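Data block below; observations after.
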Amino acid sequence: MLELNNVTKNFGGLCVLKNVSLRVEQGEFVGLIGPNGSGKTTLFNIISGSLQPDTGSISFLGEKVTGLTPNKICRLGIARTFQIPRPIKSMSVVENVMLGLLFGSRNSAPARREDMKQEALKYLDITGLRVDEWTMPEELTAAALRRLELARALATRPRLLLVDEFMSGLNTSEVFEASQVLKRIWQEMGITIIWIEHVMDSLMNLVERVVVLNYGELIAEGKPSEVSKDRRVIEVYLGEES
Amino acid sequence: MLILNSVVNGVLFGGVLALMAFGMNLMFGVVQIVHLAYGQFIMVGLYLVYVLAILYHVPLLLSCAAATAAVALLSILAYYLVVKPLLKAPPINQLLALAGVWMVLENACLALFGATYKGVQVVLPVLHVGELYIAASNLIGFVVGLITLAMLYLFLNKTYTGVAIRAIAQDPEITGIMGVNPRTVYLVTFAVGGALAGITAACFVPVYSVHPHFGGAFTLLAFIIVILGGMGNLLGGFIGAFIIGVVTSVSSTLLNPEIGQIIVLLICLLIIIIRPQGLLGVRGK
Amino acid sequence: MKQIKNLKRGILLFLLALLIVWPFLFQSKYLLHILILIFIWSYVTTVWSYMGRFGLVSLGHGAFFGIGVYTTAILFNLHHVSPWLGMFVGGLVAAAIAVVLGYGCFKFGVIGHYFAIATLVLSEISTLVIIALRDALQTGGRLGLTIRSVGTSPLYLQFDNKMYFYFLALALLLLALFIWKKIDESKAQMALKAVGEDEEAALSLGIDVVKYKTAVFALSAFLTAVGGTVYVQFTMFADPTTCTGVGLSLGIVFKAIIGGMYTLWGPTIGSLLIVILEEYTRLFLGSAYVSYSHIIYGLLIIVLIRFLPKGLHGTVSEIFQGRRKREAKTLLAGRQLAENRD
Ligand SMILES: Nc1ncnc2c1ncn2[C@@H]1O[C@H](COP(=O)(O)OP(=O)(O)O)[C@@H](O)[C@H]1O
Ligand SMILES: [Mg+2]
C-alpha cells in the first residue's frame, strides 16, 4: 500500500533520515519506534507531504505521491496526527472534526449541518472523547486533545493512518483504554496504521510489525518478539538509558 | 558617456542609500520588526533641518547635527510607545501599528508645514573630473555615508553592546547565552536606527526638498534594498544599496523614472515571493 | 435571547427603511454626499475584511480600487465605453492581478506580514503606473483626470441628481453584507478560518489552502474595483493620492481595524466613524485641518492595536453577548509557528 524508496532528508548539515526504505501492506498495523530525535516525526512529515525528501520517492496505492502537497495526500487517503496537538482553537471540538469531514476526502460530507454534527460526534465517540457541541479545545486536557487529533484525522476517512504519540503521559488504565481505541480503528474500521509510540509494552502487544529508527537509519524490522531480542535494538535502548 | 556618468553618480548615491537601508536592516535583524515608518523619520529630519536652518538661522551643520539627535530621540520614543508593548504581538500587528506612526507623522507635518515643498537652498558645485560630471552633493553623501558606516562597523565589532547587537541579528535566540538584556539591545538598536535616519536626512538636504508625502517612497526604497540583500543580512544590504543606486540612476537617465521604479518594485515582489532570503543572501538556518 | 434577536432585527429593518426614505425626506445635498461616502467606504472596508478577518492582511486594496477607478475612466474618456462595462473590466483586471500575486504568495508560503508587504509594493506600483501613463493613457498623472460629463445618462452611469448614487452605493453595501453572510454559511468560511489559524494543520486535513486564499483574494479584489468605479462616477474626478496607492490602502485597513474586522458590522462602523471624523474636521475647522483628523485616527490605530485588537464593534459585541471566545485572541490570527518538534 505504502512504499518508501531510499528516502533521505537533511536539515542544514544534519542528516535526519538516511536511505530509509519501507513497505507497508494493506491492513497492517506497524509500530515505529526509536529514541528521541531519531527522525520518526520527520518520516511522518515526509509521508504526509509537509516536508519534501531530498532524495528518494514515496508511492501510495501504486501512485507516486512525492512532491504532492499535504492536502492532496490527505485526500488520497493518508491522514496524520500531530505529536503536539494542533486544534483550531477558535473552533469548537465538533467543528474541528467537521473540518476533516468537509475537506478530507473525495466522498462528500453530509449536506445538512445536523447530520454532519452527528457524524463528527460519532468519530469523537470512536476515540472515546465525549463532548457536547459547544466544547472548545481550550477546555480539553492534553490527553483529550490527542483524541481530538485522532478523531479529526479519522474524519478525513483515511485508508492509512499515521499516529504520532498517542499515549505519552497517560496512566495505566488510560493506556489500556487508548490501546483499545487503536485496536478498534485497525480491526473494526479496517484502517492501516503506522504508530509512533514511546510506551513500549503497549505497542509491542498491539502491532504486527515493528520498525526501528536510530539516527535516521532503519536498523531493525520484524515481529515484536523478534525485534525486542535484536542486539542492535537493545543496544540503542540501553544506550539511551545509561 | 552619459551612462558612465549616471553609473558613477549612482554609485555615489548608493553610499547614502546604504546608510538609509542599514538602519532598517538593523532593526529588522535585531528586533525582527519591519519598520514601516522609517522613511517618515527621514522626512521629520529634513523638516527639522529646514526649521532650524531657515526659520531660526542656525548654522546648517549644527542644524543637521541637532536634527540627527532629535530623530534618534523620536525613534527611542517610538520604541517605548509603539514597539515595546507589541514585541510579543504577531508581526502584522507591529507592522500596522507602525503604519499608524506613518500616518501620524505624515499628517503632523502636513498640518504644521502644509503640502508645499520646503527645502534649504544649498548651492553646491558640479565637479568635472575628466569627462565626468559629478554632483558634489552626491559626493558629500557618499563620503558621509561611508564614514558613518565605518564608525558603525567599529561600534558593532569593538564594543560589547555592538557585538551583542550583531550576535542577536545573526541568531535572535542567543541573548540568553550572551547574558545581555535584549531590551537594552533593542533600545540601542532603535537609537542607532533613528540616528541613521537623521544622518540620511542630513545627506538628503542638498538633494531633496521635503514635503509631507516624502517618507513613503523612502521607506519602500530602504525596504527594497534590504530585501535585495536579504533581510537582516547587513553586508547584503550594503551591496544592495549600490545596485539600487546605479539601477535607479541609470534607468532614470535612459527611461522615464517611474518605469525604472516600477521595474525595481516588480523585481522586489519576485524576490519576496521566490527568494525571501534575498538575492545576495545565503539561505539562513 | 430570541427577543434580543427580534429586537435587533427590528432595529435593522427600521434603519434600512429610514435610509431608503431618507433622500425623499431630507433635501440636504451635503448630508446625502456624506452618506454616499459612508456607504462606499463601508462597502470597500467590508469587502477588504472578507480576507482580513482570516488573517490575510492586504495592503494592496488601494491598487484594486484604483484599477476600478482608472479602468472605467480611461475606457470611457478615450473609447466611450460605458462604465457599466468598465466596472466589469476593472473588476476582472483586479481579480486577475490578485490571482497572479496571491497564487505566487500562497504557493510559496508568503503569509502574515510578508504578504502585507508584498501587497504594499503592489500599492506603490499602482501609483507609479498611473503617473507613468499620464500621456499614453491620459491619466493626468499626479494632477488627476476628470470624467467627461454627458449630463444625466443611466447608460453611462452619470447622474446630476446624486440620489441615484445614494441608492447604488447603499445597494452595494447591502450586497457586500449579504456576501459576507453567504461566506459565513459556506464551507469556505471554515476552511479560511482554519487556514488563518494554523496553515499546516489545515493542510493536513485536506484543505486546499492556496485555492481558498486565492479565491477570497480575487473576490475581494474584484468587488473593491467595482467600488472604485462607483466612486469615480460619483466624484467625476480621480487622482493617484485619493484613488489609489499606499495611503488609500492604509486608510481601508485602518477603518477595518477601528470598527473591528471580525464582525459583520465592524467595517461599516469603522468607516462611519472615520468619514464623520474627517468631515467634522473639514466642516468645523476648515479643509486645511483635515490632516488633524488623520493624526487622530493614526493615534487611534496605535492605541487600538495595543488595547483592543478586535476593534470597537468587535469588543463591544463580545462584551454584550458574553459569548465564548470563538475568534482568535490576536488581532489577526497569524499562523502559529509552533514547530512540531520534541
Ligand atoms: N524543521 C526542522 N528544522 C531543523 N531540524 C529539525 C526540524 N524538524 C526536526 N528536526 C531535527 O531532526 C531530528 C529528528 O527529529 P524528529 O523527527 O522530530 O525526531 P523524533 O520524532 O524521532 O523524536 C531532531 O534532531 C530534530 O531536532
Ligand atoms: Mg517525534
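Just so you know, these numbers come straight off a predicted model, no measurement behind them. Proteins come first, then strands; the chains are lettered A, B, ... in the order of their sequence lines, and each starts at number 1.
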Inset, instruction - Indicate the atoms forming the closest heavy-atom contact of A:M98 with C:M190, along with that distance. - result: CB-CE, 3.9 Å
Legend entry - Contact summary for C:A201 and A:R152, nearest pair of heavy atoms: CB-NH2, 4.1 Å
Legend entry - Spacing of C:D208 atom CG and A:R75 atom CZ [to the nearest 0.5 Å]: 8.0 Å
Legend entry - Side chain proximity check, A:N71 to C:V209, heavy atoms < 4.5 angstrom: no
Inset, instruction - Output the distance between atom NZ (C:K193) and atom NZ (A:K89), rounded to the nearest 0.5 Å. - result: 13.5 Å
Legend entry - Validation row: A:F103, C:L205 side chains within 4.5 angstrom (heavy atoms): no
Inset, instruction - Looking only at non-hydrogen atoms, find the nearest pair between A:L102 and C:K187 and report the distance. - result: O-NZ, 3.4 Å
Inset, instruction - Can you tell which part of C:A202 gets under 4.5 Å to a heavy atom of chain A, answering side chain, backbone, both or neither? - result: neither
Legend entry - chain C contact via A:S50 - which portion, at a heavy-atom distance below 4.5 Å: side chain
Legend entry - Over all atoms of both residues, closest heavy-atom pair of C:S204 and A:R80: CB-CD, 4.1 Å
Inset, instruction - Please round to the nearest 0.5 Å and tell me the distance separating atom CD1 of A:I88 and atom CG of C:D198. - result: 5.0 Å
Legend entry - Closest non-hydrogen atom pair between C:L203 and A:C74, with its separation: O-CB, 4.4 Å
